[in-house]
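Below you'll find the structure, written out as structure tokens, and then a few comments.
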There are 2 protein chains.
Amino acid sequence: MYAHENTKNLFIFLFFLIFLSVLRVRTREKFHVYFSLNCLFIKRRKKITITDIARLAGVSIGTVDRVIHDRGQVSPETRKKILKIIEKAHFRPDILASVLASKKKYRFIILIPDSQEDSSFWKAPMAGMEKAIAEISHFGIEARYLHFDQFDTASFQKQAHKVIQSKPDGLLFAPVQYRQSVNLVKSCIRNHIPYVFVNSNIEDMDYLSYIGQDSVQSGYLAAKLMSLGLIADSEILVVNISKQIANHRHILKRNRGFEKYFTDHPDNKIRIKTINIENTSQEFVDLTLEAVFKKSGNINGIFVPSSRVYKVAKYLAGLKTKIRLIGYDLIEENIPFLENETIDFLISQKPVEQGYHGIMALLNHLVLKKECNKNIYLPIDIITKENLNYYLEY
Amino acid sequence: MYAHENTKNLFIFLFFLIFLSVLRVRTREKFHVYFSLNCLFIKRRKKITITDIARLAGVSIGTVDRVIHDRGQVSPETRKKILKIIEKAHFRPDILASVLASKKKYRFIILIPDSQEDSSFWKAPMAGMEKAIAEISHFGIEARYLHFDQFDTASFQKQAHKVIQSKPDGLLFAPVQYRQSVNLVKSCIRNHIPYVFVNSNIEDMDYLSYIGQDSVQSGYLAAKLMSLGLIADSEILVVNISKQIANHRHILKRNRGFEKYFTDHPDNKIRIKTINIENTSQEFVDLTLEAVFKKSGNINGIFVPSSRVYKVAKYLAGLKTKIRLIGYDLIEENIPFLENETIDFLISQKPVEQGYHGIMALLNHLVLKKECNKNIYLPIDIITKENLNYYLEY
DNA sequence: CTGAAAGCGCTTACAG
DNA sequence: CTGAAAGCGCTTACAG
């Protein structure tokens with residue numbers, strides 16, 4: 001009987017233990033749920049590392065590393081096995097640890113027009129590039145600029161030669177001179193230098209990425225803005241100011257878009273007159289415009305498909321009649337004319353972001369090995385006197 | 001003589017050696033210059049590390065680390081000495097190594113309205129937040145959303161309570177309900193929870209950052225667009241569709257900006273009529289507008305200072321006369337009406353970037369300890385049928 | 001073809 | 001108050 005009692009007590013005790021442990025589990029779970037609810041942060045499962053993969057595959061981390069970076073010297077079977085485990089575990093190497101351990105340096109070259117010319121457009125993309133370079137400096141990236149005169153093909157070719165000579169890991173460039181750029185691209189392909197386009201594009205080349213605007217559509221939008229509240233039977237002037245209009249394809253595309261709008265909307269009954277000014281000096285622009293205005297008296301609007309719209313604005317500022325003026329790019333020279341409403345609208349192409357995303361595209365392709373869009377079309381911004389300030393700050 | 005010859009030879013030999021070494025130096029220098037010129041990359045001086053600082057100060061790296069992160073337990077003299085050396089050497093700790101070594105996790109809470117309401121605006125900021133969260137995930141950041149119904153103050157208060165309960169390291173929130181948001185801010189201050197505002201602002205609070213638009217100026221711009229090619233003596237309708245207009249300060253600011261433009265430009269001779277629709281159902285909007293249109297026949301433009309402009313567009317689509325319609329935000333519901341030109345202009349406030357920069361502001365303040373602007377005003381974008389597509393992709 | 005070890009620049013207990 | 005050591009997750013010679 002005593003023995004029985006003892007056994008009974010033992011059982012009770014055991015049950016008690018089991019009960020306790022159940023309770024503990026319960027409490028823990030409860031705590032966990034409570035924790036989740038109140039802290040709102042689900043306990044993240046431990047991050048898997050290259051060591052985990054190595055253990056699972058029964059190899060050393062060195063071998064896993066070889067597989068990850070595809071640098072050979074691994075038997076096909078081992079390779080396959082490791083790859084499978086990586087896939088299953090959704091393993092992604094830690095980029096921070098990778099960069100820290102690696103001594104690899106990446107050298108980028110940036111080949112863009114200089115800003116001292118009569119249009120300061122390129123300052124903004126450079127600001128964006130600087131921002132990106134600063135942000136990613138800890139990835140072991142060095143970047144150097146190479147500038148050229150966009151109206152001087154020899155200067156471009158000289159710099160293009162330097163690019164090839166220095167064999168960078170990546171090239172960011174603005175193919176504003178069509179023919180010369182095609183040649184550089186061919187050299188890059190021969191020398192295995194990956195390249196990204198900014199600002200203008202060469203569609204039929206096999207580039208990594210293009211960052212810029214849809215030039216045709218931007219002209220189309222400009223035409224829409226031109227047509228707002230326009231009197232029927234108006235005459236509109238398109239003024240191309242460029243030394244080599246035929247070699248500057250993005251300007252031609254803007255012209256095309258502009259004309260297309262009025263073809264699509266024939267009810268506007270607009271007459272478009274296009275003039276090309278190949279001498280970009282202010283005096284020549286003034287003289288040319290004066291001659292045009294003498295001939296036809298009822299010009300209601302002017303479209304300048306480049307940042308040099310301020311040259312036309314300077315001329316118009318002397319006139320008495322208000323003529324709607326639309327141009328491109330929020331550069332310093334254009335700002336006073338936007339402020340005094342000589343220029344009504346500027347079409348802007350996010351120059352800072354062009355630069356920023358250009359550098360980031362190189363980083364993504366070459367360092368982070370991340371997929372990204374081949375064509376990154378930036379918004380076509382409409383800038384007026386009223387929203388000007390918030391595009392400057394940004 | 002032989003000896004002499006030998007000595008002479010020795011001298012010649014020595015000279016030759018010296019000559020060779022000079023040559024080598026020359027060649028090296030030349031090579032270096034050549035290298036620099038052609039490769040365009042200046043040899044970067046070795047990066048200084050915490051170990052260098054420790055060595056220079058004659059202490060261990062542990063002590064340097066204590067000084068860098070100001071966690072005490074260092075004698076004032078040692079501290080001063082180390083600080084001086086850090087300054088002189090322009091030492092910046094390697095953020096990558098720091099994050100890798102540190103096990104610190106940051107918990108962010110994002111408190112924003114939900115999207116299932118009758119306006120899907122908040123999808124875009126969330127997309128931007130997701131993008132940022134993905135980019136910075138390797139910094140040990142966990143983020144959780146908390147949503148509320150922007151027309152239901154009780155729902156906001158419930159979620160605000162959860163925020164305080166879970167004591168996050170940082171809070172990103174949209175103070176759309178003015179009074180309730182002020183209360184949450186006070187709680188945050190009491191509990192030492194840093195916070196960043198997105199979309200709307202409470203100017204008189206001491207927030208880390210505000211990311212959003214200048215609401216007054218956006219209304220001003222809308223008025224300018226309204227005035228383009230408008231007939232004199234027109235009547236313009238401002239339609240506020242909101243259950244609690246008095247508690248939604250950014251909408252009131254847009255109204256103010258809109259009216260200010262016409263005060264500043266009295267030559268337009270515009271009459272503005274404002275109506276508030278507090279029941280946001282389509283039927284009620286239709287009925288209200290119908291009543292208004294019956295009374296006054298010559299309404300030439302309508303301004304809706306919120307994303308609910310599509311409700312007015314639905315009504316106008318049934319009318320024969322073309323009325324200029326301007327509203328806010330590129331949300332799904334508005335797109336068809338922009339495409340068929342019932343809506344002429346949408347003012348957009350970079351919703352994706354609001355979200356993106358909101359998260360980044362928290363990262364900069366809390367993790368990277370980087371200074372950044374208190375007020376980040378995003379551009380006031382003008383969207384039309386013609387540039388719509390490039391704002392969608394972006 | 002594979003593994004063991006040192007090292008990247010920092011942080012974190014722990015010992016004194 | 002201070003230092004030595006282990007470790008974060010990877011890469012890189014080097015040895016076999």
Side-chain angles (χ1 to χ4, degrees), chain A residues 44-83 85-86 89-106 137-141 169 366-369, chain B residues 44-83 85-86 89-106 136-141 366-369:
Chain A
R44 46 149 67 191
R45 42 175 163 27
K46 212 186 138 292
K47 168 196 231 176
I48 35 171
T49 71
I50 196 173
T51 317
D52 299 324
I53 303 297
R55 198 171 13 79
L56 289 170
V59 297
S60 75
I61 58 168
T63 304
V64 176
D65 191 70
R66 278 177 205 109
V67 172
I68 291 171
H69 299 294
D70 234 336
R71 45 190 168 81
Q73 302 187 302
V74 180
S75 78
E77 310 89 71
T78 315
R79 199 183 118 83
K80 224 177 261 174
K81 189 162 83 178
I82 294 177
L83 245 24
I85 293 170
I86 286 179
H90 298 106
F91 168 67
R92 303 269 84 204
D94 182 326
I95 183 74
L96 296 202
S98 167
V99 170
L100 181 61
S102 165
K103 277 128 177 39
K104 172 120 188 71
K105 296 276 171 274
Y106 292 87
S137 66
H138 44 247
F139 285 111
I141 282 152
D169 297 295
L366 305 177
V367 185
L368 307 183
K369 265 83 179 163
Chain B
R44 46 147 68 191
R45 46 173 161 26
K46 211 185 140 289
K47 167 197 231 172
I48 34 170
T49 70
I50 196 173
T51 316
D52 300 323
I53 303 296
R55 199 172 11 79
L56 289 170
V59 297
S60 75
I61 58 168
T63 304
V64 177
D65 192 70
R66 278 176 205 107
V67 171
I68 292 171
H69 299 294
D70 233 339
R71 44 191 168 81
Q73 300 187 304
V74 180
S75 78
E77 310 88 72
T78 315
R79 200 182 117 82
K80 227 177 259 173
K81 188 162 83 179
I82 294 176
L83 245 24
I85 293 171
I86 287 179
H90 298 107
F91 168 67
R92 303 268 84 203
D94 181 327
I95 182 75
L96 295 201
S98 166
V99 169
L100 181 61
S102 163
K103 277 126 177 38
K104 171 118 188 72
K105 297 276 171 275
Y106 292 87
I136 67 178
S137 66
H138 45 247
F139 285 111
I141 282 151
L366 305 177
V367 185
L368 307 183
K369 265 87 177 160

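If you're wondering where the values come from, they're calculated on a predicted model, not measured in any experiment. Every chain is numbered from 1 and lettered A, B, ... according to where its sequence line falls, protein lines coming before strand lines.
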TODO: Show the numbers, then the answer: is there a side chain to side chain contact (heavy atoms under 4.5 Å, CB included) between D94(A) and T49(A)?
DONE: CA-CA 8 Å; D94(A) 182 326; T49(A) 71; over 6 Å; no

TODO: With DNA chain D as reference, determine whether A97(B) or R79(B) sits nearer its 5' end, using the nearest nucleotide of each.
DONE: R79(B)

Task: Opposite nucleotide pairing with dA4(C), Watson-Crick or G-U, both atom distances under 3.5 Å - done: none

Open item on the list: Does the structure show a Watson-Crick or G-U wobble partner for dA13(D), both distances under 3.5 Å? Name it, or say none.
Closed with: none

- [ ] Assess whether side chain to side chain contact (heavy atoms under 4.5 Å, CB included) is satisfied between I85(A) and I82(A), documenting all intermediate values.
- [x] CA-CA 5 Å; I85(A) 293 170; I82(A) 294 177; 5.8 Å; no

Whole-Å distance separating the [atom1] atom of [X] from the [atom2] atom of [N]:
X	N	atom1	atom2	answer
I68(A)	dC10(D)	CD1	C1'	9 Å
L368(B)	dC10(C)	CG	P	15 Å
K104(B)	dG7(D)	NZ	P	23 Å
L100(B)	dG7(D)	CG	C1'	9 Å
F91(A)	dC10(D)	CZ	C1'	9 Å
D94(A)	dC10(C)	CG	P	17 Å
R55(B)	dC10(C)	CZ	P	13 Å
R92(B)	dG9(C)	CZ	P	17 Å

- [ ] Measure from the side-chain heavy atoms of I50(A) and tell me the nearest of dT2(C), dT2(D), dC10(D).
- [x] dC10(D)

TODO: Give the nucleotide from the list dC1(D), dC8(C), dC10(C) with an atom nearest to the side chain of A101(A).
DONE: dC8(C)

TODO: Check whether any side-chain heavy atom of D70(A) lies under 4.5 Å from a side-chain heavy atom of R79(A), and answer yes or no.
DONE: yes

TODO: Quick one: do R66(B) and V59(B) satisfy side chain to side chain contact (heavy atoms under 4.5 Å, CB included)? Show the steps, please.
DONE: CA-CA 11 Å; R66(B) 278 176 205 107; V59(B) 297; over 6 Å; no

Open item on the list: It should be established whether S75(A) places a side-chain nitrogen or oxygen under 4.0 Å from OP1 or OP2 of nucleotide dT2(C).
Closed with: yes

TODO: Look at the side-chain N and O atoms of S102(B) and state whether any lies under 4.0 Å from the OP1 or OP2 oxygen of dT12(C).
DONE: yes

Every protein N/O within reach of nucleotides 3-5 of chain D N/O, cut-off under 3.5 Å:
residue : atom : partner : partner atom : Å
dG3(D)  : OP2  : S60(B)  : N            : 2.9
dG3(D)  : OP2  : S60(B)  : OG           : 3.3
dG3(D)  : OP2  : T63(B)  : OG1          : 2.9
dG3(D)  : N7   : R66(B)  : NH2          : 3.4
dG3(D)  : O6   : R66(B)  : NH2          : 2.4

Open item on the list: Between V64(A) and R55(A), is the side chain to side chain contact (heavy atoms under 4.5 Å, CB included) condition met? List the steps.
Closed with: CA-CA 10 Å; V64(A) 176; R55(A) 198 171 13 79; over 6 Å; no

Task: Atom NZ of K80(A) with >12 non-hydrogen neighbours under 6.0 angstrom - done: no

Task: Nearest heavy atoms of H138(A) and V99(A), plus distance in Å - done: O-CG1, 3.4 Å

